[in-house]
Amino acid sequence: MSLGPVLFLAFFGIAAIWFGVVVFRTQSMVRSAIALLFSQTSVGAMFLVMQAEFLGVLQIMMMATEMSVMAIFMVMFMMDPGGMGKMDMTHQKRLSLRAGGIGLVAALVVIWTAGWQGPVPEVPGADEQARMLGREILGRSMFIFESAALMILTAMIAATMVAVAPQERDRP
Amino acid sequence: MIPELMIALSVGAALFGVGLYGALSQTNLVMILMGVELVLASALVNTVAFWRYLHPDVTAAKMYVLIVMAVMALEMAVGFGIAVARFRARGSVEMEEARELKG
Amino acid sequence: MSELAQYAILFGLTVGVLGLVLSLHALARVIGQSRAEPAKDVPAAAGSLSRDPVWVRYHAKYYGYALLFLAFDMEMAFMYPWAVVYREEGLVALLDMGVFLAILFLGLLYGWSQGALRRQ
Amino acid sequence: MSIVLVLLALAIGCYLVAVFEGWAVHGRFSLMRPAISALALLGREQILPRTPDRLFFETGPILLLVAGLLSVAVIPLAPGLIITDLAIGALFLNAALAYVLVALIMAGWGPNGAYAMVGGWRFLGQFIAYAMLIVMPITAVAMRAESLSTTQIVLSQAALWNVVYQPIGFVLFVIAALGVAWLPPIDLPTGGGDLAGGVEAEYTGARLAVWRLARLVIVVALSGATVTFYFGGWLGPWLPGWAWTALKTVAVAAAMLTLGRHLPRLREERYLAVSWKLGISLALANIFLVGVIALLVPI
Amino acid sequence: MTVLSGAREGAITGLRGLIARAMARDLCAFVVPGADVARARGLDVGAAGLHRTDTPRHANVLLVAGPVTPALVEAASVVWAQMPRPRAILALEAGDIAPLPAPDAAGVLAQDGLVAGLADLRRAFVGGAFAEQVADFEAPALTTQIEYTCPMHPEVISDEPGKCPKCGMVLVEREVSGAAQKGHEGHEGHEGHEGHEGHEGHEGHEGHEGHEGHEGHEGHEGHEGHEGHEGHEGHEKSPERPAQAENTGHSAHAVHAPEQPATYTCPMHPEVTSDRPGSCPKCGMDLVPRGQAGEHGDGGHSGHGGHGSHAGHGSHAGHGGHGDHGGHGGHEEHGGHGSAPDIPGIEPHFMSMVGLTEGKPVSPDGLVMEWIDAPFGPFFPGLPGGLGLTLTLDGDSVVRAAVSSHASGPPAPDLAAKDLPDRLAALSPLAPGALRELACRALESVSGIAPGPDAATARAAAVERERVASHLNWLADLARQTGLSWLERRAAALHQGLRAAGTDEIARRAPAIRALAGRVRRTPLLRDKLAGIGRIGTSGAEGIVGPVARATGLATDARADDPAYAELGFATLTQTSGDAWARLSQRLAEIGQSLDLIARAGAIALPEAPAPLPRDGHGMASLETPRGKATLHLILKDGSAGTVHLTTPFAALAALVEPMTRQMELAEALTAIASLDLDPWGVDA
């Protein structure tokens, strides 16, 4: 093991968790969305540390755009998006805490009891990784890739169908 | 014992816990989506960690990550679409009120 | 230079920017502090004092685009790896991506026809 | 060493762009003015609006500067003269530029003022308009270079610059770049006459100085990216490579700054509609054309 | 060594001295009352080396260009307060500008004065940008009172912290300026009471929306002690209140009661108030006098605005019959789902978003959002200076617009007939020549002396010159708004050259002006930006005048009946489409036409008051000003003007704003408003 990756991994990991907690603790909805964004960005940074460069940068980029869009929807649909009223927007808190805690503990137990063995393998360079992914898309996973397209198509149609106001009068 | 893997997996577990708490405790549809996003992020972390420290030769793992990312985006698109529709119909995206109005 | 080192440099750059900004703020602080005066901290609004908070539920009328964007944006996650192997894969890549994009474009056309691509 | 040189070049480039912008906006050419303005800004009070989201208000300019600087980091000045030669540089540039949006939303939301907030959310709409137009042309560029590395992209243009090879992509990329840097005619979030400063309306003093610096860095980054992707980077006869990059970058920045002054500000609705209905179709056509050409002609 | 009136605290040391010198060379001005007025008064801010800013935050100089009205001085003091120190005032013949501090530099109202004043200012900055001791800037417009309001229910206003009676949220602090606070006490508190009183009578109004509130009330009675109803509890839990707070609502009520019939309100939207009858901007219903509305007031959602504030005040505790209605407002909100049983899992705090959105106005896409009122005046960079514009924004679109004029002064008391032309010309810096001509014509119509034909054409030429100048000035403003900086500079320069030019000079400059007009028409994307914006149909255009009317195809032009113009071969030009692009084309065409008219007239003469001034009589004159037909009624008594009644195109054009901008995107709405070329000066003289 080398110290650098471990430190960075821990740093970004803690950042990701901390921002993730902030998401549900802040009163301001925009803050909440931006906190989620930075949580995801930290996850992306962890990918970078884990030398999954393409995925890391992709995560960092996609989440910036998606969470910003999320921010506007938060502002549209949440009461008091500025968080000035300091209101409580949660329910079944105890149950949720318990569920979250149990999930966490169970996962941790599994992680720490399972014996992950072996030396850390080397991974190819980022350029080669991107190529491998490209070959994967065009080769073995071609159908997954095409079904992703169908998935996106379905989502686009579904979102349009439910969200777009019926056109009473067509504006130019 | 691979410390990097342990750290990454623990982070994944923590994100999962936080996301689960959020998804269960929030009253608002949009906030619930945020919880789900966190849960999915934890899945991403775990997958990448397994790929990196156990099976770096399996490119399909990355394909899986891409698909999960797509799911995150699509879940948001559809979720917000539903939020818009529900808000238009009911004037609220609170889950409680949705239940309340059903009766 | 290893890839991790490169990202470390970028991280260092970020920290450096933070340092730069902080030192600029420190310099500005040396020059003087802001004086609290009546109405100075009210957001400027063309000569009217408008103290009402504006953090309200904001009606962004481009949400039709935003929803389509969320989905459509994913396409590029697949396109970049595809682009780098495009030449070595040749016609297969063109056809494969052609089908992919055609499907997506269909979604776009559907959104367009249903009026998602306009101010709501 | 190369890092310091690139940062130095960046500083000089920003200064030149600032001089040029002063010329374009105020009609006066003054080499001293940006320095004087910066000094004067430092001396002004830094007002914090009442009931702001202070964290956002402070972070906005910093994040903007970070985003600008990180996007500069992958632009090669010459072979070897680059801050970090990432294998996925083009994607990284894209990712860094996405944080411009985040910075503007933060800056818009932060001060709790009407103009700023409208400006911030308006920029989100603008982003939705330009986002695909910045991604898809880069994909086409990467197709030709068979790599996402900016250095490789420059090298792939040795025979023919991309501006000739894929002119549609170039036009779309420039339109998108104007949107990223909110340069006129796409300066919707700050539009002087219709939002009175918008997102930057509440910044004063050192914060405003940082904000303006960040904006300059972004302009330089975008013109640098345009040069890298479409004008063959450091390639060129007679002069050393870095000089070519610098010259081209400043020229592109000047062109971008001048172009907008002669066009009226776009309507947001229009920008969105045109980008999505026409722009995306053209970008896809561009990819397809480049794909066909790349299969037929081996350059 | 003089110290700036807005100096920054701190001794001048090496670093601060350096910065002060840098500031002296980097002056950024916020122009009051506006760039258009400054230009019309002969100032070229850019040429003087001053950088014009859009927001006071980026400025360090407040440039007061010429005399301003008290309302504008008040607004200027707000701007001054919002500028970061060190800041300075440059006043050019501005007269008394208190409560603003004395200007740091002053000068004559001309380009020379501006340049000289700037030189003074630079020296003042070098020496006095920092000072050991500085005083706060205070002005009546800036004083505040603290009140507390619910973020979700702006109508809930309380004098002290607490929880919202409707939703249980913590009330947030809000500052209101002295004037606004008065209004709040008068209106809101009053409304609340009206609502209570009207309650008894409201059975009789079954047909009205009002009875929904009644149902809500029933629901309340059936739900005594409902748990989720924080507000009610909160109200009952706080019986002890400072005496002062307790009185607020009531005293306001008492004081304002006599004013009752003067206000009109909408039966459905009691928050809509007006001092004139008319129709409701939200629903289009006819407004009814306030007293009557009170009887229905319970149903409308801000009827409970009043209730809410009372609950917040908690002041009916000892109020006998009224106590009952205390929480009523809150319960109305509840009425919407009053039948819902208590649901396990909902914490007591749980507030209803359905209640929050119910009954609120719905946008065309069916979403109910919150609206904010954003001021876009009086000093908004892309609009005429002095124009008060408040837009109610639903996100990025405009749902309501209120136009007012901050720039019209009180009518002058007795006015000697010989001063009339000068006084009238001083009313509006944007069209002084036209108003002077109008005054002279009115005086002539009293005395019955008509000018000779040559004099008449020369005077017409002067009006035409002003028309060209005014249109160029407007063009510069439009360019500013649309971000065409080259056009702004070019139009401003041509405007400066033309303002006071003689016929030869105009003939020399005419080709450049025509070339500019041609270039504007060909500017890429400009047509795309303006076409379809702010379209006015001919049906909705009754009563409008000037280029705006002509751009919609109405050939109304006071010049058509004028013999002097008939001699010059005047023919009315019109456009058909009636949108912002048509208005631009119309004005460009009029610029060309006016240049032709001036060339044909051959001479320019400013009007003079008729030689033997009439002493008594009644006169009336009208004139096509650059913005449309203005009419002056004049009754002279004993050599002084007894009654002066001036009708400018402002009112008719301002009335267009509201219907024209409804549901428009903000930037488009502002463009549409700018395309009207409103002149807020001299409106109610």
Side-chain angles (χ1 to χ4, degrees), chain C residues 1 3 6-7 9-10 13-14 16-18 20-21 24-25 27-29 31-35 40-46 50-55 58 60-62 65-66 68-69 72-73 75-76 79-80 82-88 90-91 93-94 97-98 101 105 108 112 117-119, chain D residues 3 42-43 45-51 61-62 65-66 69-70 73 83-88 91 109 111-117 121 124-125 128-129 131-132 135-136 139-140 142-143 146-148 196-197 201-202 205-206 209-210 268-269 272-273 276-277 280 284 287-288 291-292 294-295:
Chain C
M1 194 157 44
E3 270 136 10
Q6 289 186 325
Y7 287 105
I9 289 174
L10 293 178
L13 217 55
T14 308
V17 168
L18 206 64
L20 174 80
V21 173
L24 263 183
H25 278 276
L27 185 66
R29 191 68 175 266
I31 292 163
Q33 294 215 19
S34 183
R35 190 181 179 82
K40 190 189 237 173
D41 55 353
V42 178
S50 146
R51 287 190 165 91
D52 294 336
V54 300
W55 285 343
Y58 184 91
K61 297 211 165 176
Y62 48 74
Y65 289 100
L68 280 190
F69 171 76
F72 203 77
D73 193 31
E75 140 264 26
M76 40 159 301
M79 266 173 89
Y80 279 125
W82 167 81
V84 288
V85 293
Y86 176 72
R87 284 186 133 178
E88 76 178 53
L91 202 56
L94 186 65
M97 190 48 88
L101 290 179
F105 201 69
L108 191 64
W112 189 347
L117 301 187
R118 66 184 163 108
R119 258 170 84 75
Chain D
I3 297 174
L42 274 186
E45 282 182 329
Q46 302 196 57
I47 299 170
L48 193 69
R50 80 192 208 308
T51 60
I62 303 177
L65 189 52
V66 169
L69 211 56
L70 290 189
I83 295 180
T84 51
D85 188 6
L86 295 178
I88 42 158
L91 180 64
W109 184 259
N112 201 355
Y115 298 170
M117 188 183 68
W121 293 132
L124 179 60
I128 291 173
M132 298 320 294
V135 169
M136 291 182 159
T139 313
M143 277 164 74
E146 293 188 83
S147 169
L148 287 167
E202 290 303 317
V210 173
E268 184 180 47
E269 185 186 359
L272 275 163
W276 276 77
K277 293 173 182 170
I280 290 185
L284 289 175
I287 289 176
F288 184 73
V292 171
L295 288 186

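Each chain gets a letter, A, B and so on, in the order its sequence line appears, and its residues count up from 1.
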Engaged part of A196(D) at the chain C interface, taking heavy atoms whose separation is under 4.5 Å:
neither
With a 4.5 angstrom heavy-atom cut-off, which part of A60(C) approaches chain D: side chain, backbone, both or neither?
neither
Separation between CZ of R35(C) and CD1 of I47(D), rounded to the nearest 0.5 Å:
13.0 Å
How long is the gap from CG on L272(D) to OH on Y65(C), to the nearest 0.5 Å?
5.0 Å
Greatest number of heavy atom pairs closer than 4.5 Å to chain D - which of M79(C), M76(C), K40(C)
K40(C)
Region of L94(C) that comes under 4.5 Å of a non-hydrogen atom in chain D
side chain
With a 4.5 angstrom heavy-atom cut-off, which part of Q33(C) approaches chain D: side chain, backbone, both or neither?
backbone
Region of V135(D) that comes under 4.5 Å of a non-hydrogen atom in chain C:
both
Among A66(C), G32(C), P43(C), residue most engaged with chain D (heavy-atom pairs, under 4.5 Å)
P43(C)
Contact part of E146(D) toward chain C, heavy-atom cut-off under 4.5 Å: side chain, backbone, both or neither?
both
Using atom types as modelled and distance alone, determine if a side-chain donor or acceptor of Q6(C) lies under 3.5 Å from a backbone N or O of D85(D).
yes
Under 3.5 Å, is there a donor-acceptor pair between the side chain of W55(C) and the main chain of W109(D)?
yes
Check the orientation of W276(D) and F69(C). Use parallel for under 30°, tilted for 30 to 60°, and perpendicular for over 60°.
perpendicular
Verify, without hydrogens or angle tests, whether E269(D) (side chain) and R118(C) (backbone) share a donor-acceptor contact under 3.5 angstrom.
no
Counting only N and O atoms by type, is there a donor-acceptor contact under 3.5 Å from the side chain of N112(D) to the main-chain atoms of V54(C)?
yes
So for L284(D), is it side chain, backbone, both, or neither that comes closer than 4.5 Å to the heavy atoms of chain C?
side chain
Could you tell me which portion of A201(D) (side chain, backbone, both or neither) has an atom closer than 4.5 angstrom to a non-hydrogen atom of chain C?
neither
Side chain, backbone, both or neither: which part of L124(D) has a heavy atom under 4.5 Å from chain C?
both
